[in-house]
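Scroll down for the structure; my scribbles are underneath it.
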Number of protein chains: 2
Amino acid sequence: MSENGTTRKRDAAATKEALLAAATELFTTRGFDRTSVRDIAALAEVNQALVFRYFGSKEALLGAVVTAPGRALLAETPPGRLLATLVRETLAQEPGGASGNLLLLALSGPQDGGAAEVLEREVAEPLRAALTARTARPDAELRAELVCAWLLGLALTRHLRTDGQLAKADPETASTLVLDVVTTLLGAESESPTATDR
Amino acid sequence: MSENGTTRKRDAAATKEALLAAATELFTTRGFDRTSVRDIAALAEVNQALVFRYFGSKEALLGAVVTAPGRALLAETPPGRLLATLVRETLAQEPGGASGNLLLLALSGPQDGGAAEVLEREVAEPLRAALTARTARPDAELRAELVCAWLLGLALTRHLRTDGQLAKADPETASTLVLDVVTTLLGAESESPTATDR
DNA sequence: TACCGTTGTAACCAAGTGCTTACAACACTG
DNA sequence: CAGTGTTGTAAGCACTTGGTTACAACGGTA
């Protein structure tokens with residue numbers, strides 16, 4: 001029996017999801033190492049042994065947490081709109097919010113087989129491909145990577161500098177500014193640079 | 001006596017520095033939580049209790065580690081050259097190297113009073129000031145922050161994507177590309193955009 | 001009803017953590 | 001020489017960690 005004296009309802013799917021939600025919350029706010037399996041289980045109101053039953057290990061739980069949003073984003077966004085969508089969503093995200101935390105979590109995690117790899121495979125790589133395809137320049141790939149780097153920096157800046165200009169500015173204004181420059185960098189093959197990627 | 005049977009030479013300054021060097025090495029490669037005080041002491045070939053004698057706590061050691069390079073860079077670079085210097089050094093840093101690790105360490109650390117704050121105060125803030133001063137535009141501050149964000153993204157991309165285009169490309173080519181675009185963004189008040197900030 | 005696989009629980013383990021403390025070895029000063 | 005403050009050492013404390021295990025409660029089936 002749990003601390004309240006009753007035995008929990010038997011619902012594997014529900015407890016698995018509760019665990020996943022709690023882990024996402026704690027990993028993104030405190031980081032991986034500063035979050036214990038017991039913390040996660042407590043927040044999910046679940047016995048800590050169940051983490052190992054359902055996910056195998058703490059590390060695997062992290063994998064599950066970090067894989068989900070990447071796949072979701074890629075699944076629901078057509079490749080042609082990736083750039084504009086990402087720029088707008090990046091600059092519209094709440095400063096200090098969860099998605100920025102998740103990004104940092106992924107980046108500072110283990111390089112191989114970890115969160116960063118998923119992010120690279122599921123988001124960055126398709127994005128670069130889409131950007132590269134837009135231009136005929138010989139150094140298209142480099143330029144695409146420069147743009148991706150900017151996107152990364154923008155996301156982190158918006159997340160970390162909660163009272164900076166980027167956080168205060170109108171998302172649409174900033175997006176336009178960025179997209180203009182990006183268009184220049186990628187080679188303005190379009191006549192209406194502000195409406196690219198549509 | 002230490003493990004080899006002898007007593008260590010008495011040199012407070014030297015052991016303190018050895019500790020600092022070892023901590024920098026381990027913190028940047030493994031991260032803060034995955035590095036134990038005993039690990040640091042072992043690498044420095046010093047008794048672990050000395051960490052607490054000289055730095056007070058593990059957290060304070062991190063502070064010392066992270067404060068040093070920021071102050072050094074700002075001290076030896078004239079404000080007018082900050083941008084060009086940073087772009088060039090960022091794009092010339094060895095992929096996967098120490099400075100990128102230090103950056104990630106700072107960003108994922110605690111927000112308040114931690115490494116990120118020092119970095120902001122000692123590097124980012126003066127840089128933004130220098131960039132803002134260059135332009136008469138009303139949204140100069142926003143544009144400066146966009147540039148800083150790019151710099152951050154570039155540093156991280158170069159660090160993390162060790163076999164990406166940015167890592168492979170000629171640093172000077174990439175720098176020129178970036179500086180060109182940045183000059184456009186900040187308003188091309190100069191006649192020779194590639195030689196800005198000199 | 002009896003059975004059995006699934007789900008949940010508590011107690012536990014071995015290893016490691018940051019940090020403290022009592023003490024020994026040394027280098028100075030008088 | 002004795003006395004004193006500094007530097008280094010070993011042992012240990014109190015606690016947390018990820019992970020395991022033996023077992024109880026349950027729900028479906030036959």
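A note on names: the letters A, B, ... follow the listed sequences, proteins ahead of strands, and every chain is numbered from 1.
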Whole-Å distance separating the CZ atom of B:Phe52 from the P atom of D:dG8: 16 Å

Nearest-neighbour nucleotide for the B:Leu50 side chain, C:dT20, D:dG19, D:dT9 considered: D:dT9

Separation of D:dA25 C1' from A:Asp11 CG (nearest whole Å): 16 Å

Rounded distance (Å) that lies between atom C1' of D:dT16 and atom CZ of A:Arg30: 13 Å

Nearest-nucleotide pick for A:Ala12, side chain only, options being D:dT9, C:dT7, D:dG18: C:dT7

A:Thr15 side chain near C:dG8 phosphate (N/O to OP1/OP2, under 4.0 Å): yes

Ion pair check, A:Lys168 and A:Asp163, cut-off under 4.0 Å: no

Salt bridge A:Arg161-B:Glu145, side-chain N to carboxylate O under 4.0 Å: yes

Cationic N near anionic O, under 4.0 Å, B:Arg128 to B:Glu120: yes

B:Lys58 side chain, from C-beta outward: closest of D:dG18, D:dT7, C:dC19: C:dC19

Per B:Arg10 side chain, nearest of listed nucleotides C:dC26, C:dG18, C:dT9: C:dC26

Check: B:Arg38 side chain, C:dG16 base, donor-acceptor under 3.5 Å: no

N or O in side chain of A:Ser36 less than 4.0 angstrom from D:dT16 OP1/OP2: no

Distance, nearest 0.5 Å, that separates CD of B:Gln165 from CZ of B:Arg158: 12.0 Å

Touch class at under 4.0 angstrom, heavy-atom based, for A:Phe55 against every strand present: nothing

Spacing of B:Tyr54 atom OH relative to C:dG18 atom P, expressed in whole Å: 20 Å

Under-4.0 Å salt bridge between A:Asp39 and A:Arg30: yes

Whole angstrom value for the distance that separates P of C:dC19 from CD1 of B:Ile40: 11 Å

Of the listed nucleotides D:dT9, C:dC19, D:dG19, the one nearest the side chain of A:Gln48: D:dG19

Integer-rounded Å distance: D:dT16 P and A:Asp39 CG: 11 Å

Distance, rounded to the nearest Å, where A:Asn47 contributes CG and C:dT6 contributes C1': 15 Å

d(CD, A:Glu59; C1', D:dG19) in whole Å: 14 Å

Position toward the 5' end of DNA chain D (nearest nucleotide), A:Ala49 or A:Phe32: A:Phe32

